[in-house]
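To keep things clear, I will list the structure first and then write my remarks on it.
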Amino acid sequence: MPRKVRATPSPTGWRRVIARAPITLYRWHLGQLLGGRLLLLTHTGRTSGQPRQVVLEITGRDPATGAYHLASGFGPESQWYRNIQQTPGSPSRSAATAAPRPPAP
């Protein structure tokens, strides 16, 4: 039987500054410095309704649909994942530095 792992708290202080540095780079239009494996996701907060941003790792891409496969360090307990689950119809956008989408046939 799988055991429950203790929840990891969100980083605070200087660790939060380091963890959120990629968001600042994307805001300055310097996301390409991070390489092609990261994506900036903007979504709506489930409680506040305010726009939220998170940088995620791209682990793959479906060539048929162009959908990204993303990695989440905190798993299904991640705030961004819970926000998207709670408000599925809310607008979200992404800024990926990955290769451009192939042209439609």
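All figures in this text were calculated on a predicted structure; none of them were measured in a lab.
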Side chains of Leu70 and Ile58: closer than 4.5 Å at any heavy-atom pair?
yes

Does atom NE2 of His69 have more than 12 heavy-atom neighbours, drawn from other residues, nucleotides or ligands, at distances under 6.0 Å?
yes

Do Arg52 and Thr44 have side-chain heavy atoms sitting under 4.5 Å apart?
no

Atom CG in Asn83, atom CD in Gln85: separation rounded to 0.5 Å?
10.0 Å

Check whether any side-chain heavy atom of Leu41 sits under 4.5 Å from a side-chain heavy atom of Ile84, and report yes or no.
yes

Heavy-atom closest pair (Ala71 atom, Thr59 atom, distance to 0.1 Å) is CB-CG2, 3.5 Å

Could you please spell out the steps behind the side chain to side chain contact (heavy atoms under 4.5 Å, CB included) verdict for Val54 and His43?
CA-CA 8 Å; Val54 64; His43 55 91; 4.1 Å; yes

With a 3.5 Å distance limit and no angle check, can you tell me whether Ser78 reaches the backbone of Trp80 through a side-chain donor-acceptor pair?
no

Contact summary for Glu57 and Leu38, nearest pair of heavy atoms
CA-CD2, 3.9 Å

So which of Leu33, Val55, Thr42 actually passes side-chain contact (heavy atoms from CB on, under 4.5 Å) with Tyr26?
Val55

Between the main-chain N or O of Ala67 and the side-chain N or O of Asp62, is there a donor-acceptor pair closer than 3.5 Å?
no

Is there a side-chain contact between Arg27 and Leu40, using heavy atoms and a 4.5 Å cut-off?
no

